[in-house]
Visitor: 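Take a look at this one; I'll ask things after.
We're numbering straight along the sequence, starting at 1. All values below were derived from every heavy atom in this structure, side-chain atoms included, with hydrogens, water molecules and symmetry-related copies excluded.
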Amino acid sequence: MSRLGGSLVVPAAVVAAVSGGVIAAQGQLNGQLAQAGAGSLVAGWFSYVGTLVTTVLILVVRGRSRSTTHALRRDARWWWFVVGLCGIPIVLGMAAGIPVVGVALASVSAVAGQTVASLGLDARGVGVPEPIRLTGRRVLAGLTAVAGLAVAVIGGSGAVEGGAVTSVVVGLGLFVSGAVLVVQQAGNGSVTAVVGDPVVAGLTSAAGGTAGITVLLGAAAVAGRLDGVALPDPASSWYVYLGGPLGAVITIAAAWAVAHLGTFVLTLAVVGGQMLTAVALDLAGAVGLAWPTVVATAMIGAATVLAVQRQAPRRAITSTSVDAST
């Protein structure tokens with residue numbers, strides 16, 4: 001496998017940014033499914049199941065089902081599946097938090113958690129071939145990214161309902177949820193490093209997440225919390241069920257890219273892709289382009305470049321010395 005910071009850094013950053021746009025699309029579709037009568041928990045369950053089924057189909061089409069089964073029997077560890085649970089808090093947290101604090105504040109809270117956690121995981125070498133030292137340059141990149149997101153919140157968000165205490169509680173919850181999500185990304189990177197196939201990482205992650213959210217769904221059903229749930233007709237509203245297939249793309253892309261970028265740069269690139277998608281949607285729609293979105297997107301783009309620069313040459317030298325020693 002290519003060492004971190006090798007020739008695939010730029011392609012990996014592009015893949016991560018594109019996956020950020022896919023995340024935005026997935027969130028919109030899952031939201032539409034929830035608003036159509038499914039509710040956030042059922043919509044999340046459909047998304048996880050769709051991700052799992054799509055990942056299995058990808059393995060079958062590639063002719064890798066037998067080799068994957070062999071790899072799982074030989075190498076699989078329990079935590080390969082447990083990391084899939086780390087995506088559930090952010091899915092449910094965003095669904096519950098956005099109506100209270102709004103999209104902008106919910107997003108900045110979650111991304112701030114991702115940014116801080118990814119710096120720590122990279123420094124410990126979790127999910128990457130080797131640890132990435134916490135330099136002043138990387139800290140500055142993280143601060144620039146969070147500041148850019150703050151610009152988007154301050155300049156583009158309206159008054160937050162629920163009071164200051166409620167906003168702080170929801171914000172902290174989403175901060176923790178964002179940090180937990182990074183554990184999934186790093187864990188999938190570690191699985192990919194073992195088996196050499198990001199689709200296998202996507203499979204184990206999706207299986208664990210599906211099992212976890214199925215338990216939550218069952219508990220909600222027993223408690224009578226699913227009364228009144230109505231699913232839109234697949235014949236006329238088939239597109240709202242596409243969140244699952246998009247989830248497979250997101251998970252597999254992140255599992256591959258994290259090994260070349262680290263969780264920190266992966267997070268920045270994904271967020272940059274999400275914000276660029278928002279800019280494109282604003283330009284294509286009748287809403288208009290808000291200046292805070294433009295400024296925030298530029299700042300996050302600068303943060304990504306700041307984090308990637310100088311990292312590649314240093315890691316390339318390290319890789320050479322390691323290869324020479326072997």
Side-chain angles (χ1 to χ4, degrees), residues 1 19 23 26 30 40-41 44-56 58-59 64-65 68-96 110 113-114 116-129 131 173-220 243-244 247-259 262-264 266-267 270:
M1 174 177 289
S19 73
I23 289 173
Q26 182 197 37
N30 287 344
S40 58
L41 182 57
W45 182 82
F46 269 104
S47 182
Y48 269 98
V49 171
T51 298
L52 179 59
V53 171
T54 302
T55 306
V56 171
I58 291 173
L59 287 169
R64 299 295 300 273
S65 55
T68 297
T69 301
H70 177 70
L72 291 176
R73 288 177 176 174
R74 183 189 65 223
D75 300 317
R77 301 292 182 269
W78 61 269
W79 61 264
W80 290 19
F81 302 90
V82 172
V83 295
L85 302 176
C86 296
I88 296 177
I90 194 67
V91 172
L92 301 182
M94 292 294 279
Q114 290 176 261
V116 173
S118 58
L119 282 170
L121 290 176
D122 279 355
R124 295 183 64 85
V126 179
V128 293
L174 287 170
F175 179 92
V176 174
S177 297
V180 172
L181 177 63
V182 175
V183 177
Q184 175 180 313
Q185 296 170 340
N188 287 344
S190 297
V191 174
T192 302
V194 172
V195 299
D197 188 354
V199 181
V200 176
L203 175 66
T204 55
S205 179
T210 300
I213 201 167
T214 299
V215 171
L216 292 178
L217 189 69
V249 173
I250 295 165
T251 304
I252 294 170
W256 175 78
V258 69
T263 52
F264 177 52
L266 174 69
T267 297
V270 168

Visitor: If you take all heavy atoms of T51 and G244, which pair is closest and at what distance?
Guide: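 Reported closest heavy-atom pair: OG1-O, 2.8 Å.
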
Visitor: Kindly give the heavy-atom pair with the smallest separation between P89 and C86, and that separation in Å.
Guide: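 Looking at all heavy atoms of both residues, the closest pair is CD-O, 3.6 Å.
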
Visitor: When you look at CZ of R73, are more than 12 heavy atoms from neighbouring residues, nucleotides or ligands closer to it than 6.0 Å?
Guide: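 Count not over threshold, so no.
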
Visitor: Output the distance between atom CD1 (I213) and atom CZ (F46), rounded to the nearest 0.5 Å.
Guide: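 Result: 11.5 Å between the selected atoms.
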
Visitor: Quick one: do L217 and L41 satisfy side-chain contact (heavy atoms from CB on, under 4.5 Å)? Show the steps, please.
Guide: CA-CA 7 Å; L217 189 69; L41 182 57; 3.9 Å; yes

Visitor: Between Q114 and T267, is there a donor-acceptor pair closer than 3.5 Å when you use the side chain of the first and the backbone of the second?
Guide: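 No, the answer is negative, given that no donor and acceptor are paired below the 3.5 Å cut-off.
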
Visitor: I need the I58 CD1 to L203 CG distance, nearest 0.5 Å.
Guide: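 Taking CD1 in I58 and CG in L203, the distance rounds to 10.0 Å.
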
Visitor: So which heavy atom on A248 is nearest to which on T55, and how close?
Guide: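 Where A248 meets T55 most closely, the heavy atoms are CB-OG1, 3.7 Å.
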
Visitor: Looking at every non-hydrogen atom in both residues, tell me the closest pair between G208 and L85 and how far apart they are.
Guide: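 For G208 and L85, the tightest heavy-atom pair comes out as O-CD2, 3.2 Å.
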
Visitor: Any side-chain heavy-atom pair from L216 and W45 closer than 4.5 angstrom?
Guide: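 Sidechains of W45 and L216: no contact.
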
Visitor: Heavy atoms only: give me the nearest N30-G243 pair and the separation to one decimal.
Guide: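 Looks like OD1-CA, 3.7 Å.
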
Visitor: Out of curiosity, L121 CG to T263 OG1, how far, rounded to the nearest 0.5 Å?
Guide: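 Those atoms lie 5.0 Å apart.
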
Visitor: Between T214 and T210 (side chain of the first, backbone of the second, donor and acceptor by atom type, cut-off under 3.5 Å), is there such a pair?
Guide: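 Yes; at least one donor-acceptor contact below 3.5 Å.
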
Visitor: Quick check against the 3.5 Å criterion: does D122 have a side-chain atom that pairs as donor or acceptor with the backbone of F264?
Guide: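 Judged by distance alone, yes, a pair lies under 3.5 Å.
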
Visitor: Determine yes or no for a side-chain-to-main-chain donor-acceptor pair under 3.5 angstrom, with Y48 supplying the side chain and G212 the backbone.
Guide: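 Judged by distance alone, no pair lies under 3.5 Å.
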
Visitor: Can you tell me how far CD of Q185 sits from CD1 of I250, rounded to the nearest 0.5 angstrom?
Guide: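 Reported to 0.5 Å precision, the distance equals 10.5 Å.
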
Visitor: Between A206 and L52, what is the shortest heavy-atom contact and its length?
Guide: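 Smallest interatomic distance, heavy atoms only, reads CB-CA, 3.9 Å.
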
Visitor: Please list, chain by chain and in numerical order, all residues satisfying ring pair (Phe, Tyr, Trp, His ring centres under 6.0 Å) with F81, sequence neighbours excluded.
Guide: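 Applying ring pair (Phe, Tyr, Trp, His ring centres under 6.0 Å) to F81 gives none.
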
Visitor: Checking side-chain contact (heavy atoms from CB on, under 4.5 Å) for the pair D197/R64: CA distance, chi angles, key distance, verdict?
Guide: CA-CA 10 Å; D197 188 354; R64 299 295 300 273; 3.7 Å; yes

Visitor: Looking at D75, N188, T68, T192, which one forms a side chain to side chain contact (heavy atoms under 4.5 Å, CB included) with V200?
Guide: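 Among D75, N188, T68, T192, the one that satisfies the side chain to side chain contact (heavy atoms under 4.5 Å, CB included) with V200 is T68.
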
